[in-house]
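Below: the structure, in structure tokens.
The figures that follow rest on heavy atoms only: side chains count, while hydrogens, waters and symmetry mates do not.
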Amino acid sequence: MSRILYKLKRPLIAMMLLLIGQQAWAQESASSAGTTSVYFYVVVGFVFVTALIVLRVAMIILKLLRFMVKDQARKQAEARGEIIEEPVKTNWWSKFLTQANDAVPVEEEEAIILDHNYDGIRELDNHLPPWWKGIFYVSIVFAVVYLAVYHVFGTMPLPSEEYAIEMNEAQEAALLRQANMPKSNIDETNVELVDDPALLSKGRQVFINNCAACHREDGGGGIGPNLTDEYWLHGGGIKNVFATIKHGVPEKGMISWEPLLSPTQMQNVASFVISLAGTNPDNAKDPQGEVYQSGEEVEIIDNAVDSTAVEADSLSADDAQAAL
């Protein structure tokens, strides 16, 4: 049998040497010509398929030889009047499951049957599987280590502390990013509506990157309101939209974009939002808020301080009347 295997190995070794030689030839030709020859891939594929066929034929021949040897031995034993018992075949998976579960063979279950029974049903005194007990012991060790590391000695931060650390790092990064932004004196009191296509295109890109998740790319509204109709929750117009973007609406889940966007970027995206009016996208969200008329001169600027109101509050009633 070993001689047959040795003989079958020789064609495979020859094919592998041929494959290596063809690869070296292909590399040499590729370095000189700059391209890999199609002939090389054809030869490689042919050699690979041929090697697989030879290997499969060798396995079939080995099985036939093994069967012939066993059949000949059985016939000789029968001629001598001997009885040959075929061994019970068990694959490696069955052996692994038997060891992992510490299972008692069926023919030995009489040794672990308990005395009591329920309506003729007998109970076996099986142990817990070793893999189950191993997981249980590992979980105990993990729990002890976790308590010691996180709660007793405080070596590692708790999830809530990790969250606070990451939030502080994000805040510091936002402040640093804001400090590196180009300086601009644009705010909600002097912001202007831009109609330059290049600036509106930049505003559209900012909107897609940051706002489309809640308002959709077409502004039709999703989690956030519809931005294409004439209804506004926090006032329309460039100043109100700019203020809403700048300060956000935390109670409704909209963050303040002031730490993340420059004033120029907020002006561009606010102008782009206003340019969406009347586009009427498909499946737009129902109107929310109140109608905003573009001709209105007074705008409610959310989260902005009106200096005239502060001065009026600081005056007495008589002084305010005199000022009027």
On a heavy-atom basis, which atom in Y146 and which in H151 lie closest, and how many Å separate them?
CE2-NE2, 3.9 Å
Neighbour count >12 (heavy atoms, 6.0 Å) for atom CD, E192
no
Check whether any side-chain heavy atom of R56 lies under 4.5 Å from a side-chain heavy atom of I60, and answer yes or no.
yes
Test item: L200 and S271 side chains (from C-beta on) under 4.5 Å apart, heavy atoms:
yes
Criterion side-chain contact (heavy atoms from CB on, under 4.5 Å) against F242, the qualifying member of V191, N190, V273, T189:
V191
For the pair S275 (side chain) and F272 (backbone), establish whether a donor and an acceptor sit closer than 3.5 Å, ignoring hydrogens and angles.
yes
Apply side chain to side chain donor-acceptor pair (under 3.5 Å) to the pair E172 and N168, showing each step before the final yes or no.
CA-CA 6 Å; E172 292 177 359; N168 291 334; over 6 Å; no
Check step by step if side-chain contact (heavy atoms from CB on, under 4.5 Å) holds for D218 and T279.
CA-CA 8 Å; D218 56 11; T279 54; over 6 Å; no
same_hphob_cluster(V152, V144) at 4.5 Å side-chain heavy-atom cutoff:
no
Honestly curious: do I135 and V141 fall in one hydrophobic cluster under the side-chain, below-4.5 Å linking rule?
no
With the 4.5 Å side-chain cut-off for hydrophobic clustering, are V145 and L158 part of the same group?
yes
Mind listing the closest non-hydrogen atom pair of K252 and L233 along with its distance?
NZ-CD1, 4.0 Å
Do you reckon V241 sits in the same ILVMFWY cluster as L193, going by side-chain contacts under 4.5 Å, direct or chained?
yes
I'd like to check D286 versus N226 (side-chain heavy atoms, cut-off strictly below 4.5 Å). Are they in contact?
no
Is there a side-chain contact between L52 and F48 in this structure, where contact means two heavy atoms from C-beta onward sitting under 4.5 Å apart?
yes
Between CD of Q76 and CD of Q72, what distance do you get to the nearest 0.5 Å?
4.5 Å
Heavy-atom pair of closest approach, residues A243 and E188
CB-CB, 4.0 Å
Side-chain donor or acceptor of Q265 paired with backbone N/O of S262 under 3.5 Å
yes
Shortest non-hydrogen separation from H247 to S256 and the atoms involved:
O-CB, 3.4 Å
Assess whether side-chain contact (heavy atoms from CB on, under 4.5 Å) is satisfied between V194 and Q267, documenting all intermediate values.
CA-CA 8 Å; V194 298; Q267 177 177 255; 3.8 Å; yes
Greater than 12 external heavy atoms within 6.0 Å of E290's CD
no
Could you grab the distance from atom CD of E166 to atom CD of E161, nearest 0.5 Å is fine?
12.5 Å
Any donor and acceptor pair, going by atom type alone, linking the side chain of T228 with main-chain N or O of G220 inside 3.5 Å?
no
Going by the side-chain contact (heavy atoms from CB on, under 4.5 Å) test, name the single residue among L260, L261, N268, I245 that passes it with V206.
L261
Is the backbone of F46 close enough, under 3.5 Å, to the side chain of T50 for a donor and an acceptor to pair up by distance?
yes
Rounded to the nearest 0.5 Å, what's the gap from CG on L65 to CG on L62? Could you check?
6.5 Å
Mind checking the CE-CG spacing from M266 to D187? Nearest 0.5 Å is all I need.
9.5 Å
Minimum-distance pair of heavy atoms, taken over all atoms of G219 and L276
CA-CD1, 4.1 Å
Do H215 side-chain atoms and P225 backbone N/O form a donor-acceptor pair below 3.5 Å?
yes
Go through it in stages, so that I can follow the logic: the residues are I113 and E123, the test is side-chain contact (heavy atoms from CB on, under 4.5 Å), and I'd like the CA-CA distance, side-chain angles, deciding distance and then a yes or no.
CA-CA 6 Å; I113 293 180; E123 182 182 359; over 6 Å; no
Contacts table for residues 125-134: side-chain donor-acceptor under 3.5 angstrom, sequence neighbours left out:
unit_1	atom_1	unit_2	atom_2	d
W131	NE1	N101	OD1	2.9

Got a sec: does the CZ of R204 have more than 12 other heavy atoms crowding it under 6.0 Å?
no
With a 4.5 Å cut-off on side-chain heavy atoms, are I255 and W257 touching?
yes
Applying salt bridge (Lys or Arg N to Asp or Glu O under 4.0 Å) to K75 and not counting sequence neighbours gives D71
Do the side chains of Q288 and Y231 get nearer than 4.5 Å, heavy atoms only?
no
Minimum heavy-atom distance I238-A270, with the two atoms named
CD1-CB, 3.6 Å
Can you tell me how far the CE atom of M254 sits from the OG1 atom of T244, to the nearest 0.5 Å?
6.5 Å
What's in the same ILVMFWY side-chain cluster as I208, cut-off under 4.5 Å, chained through other members?
none
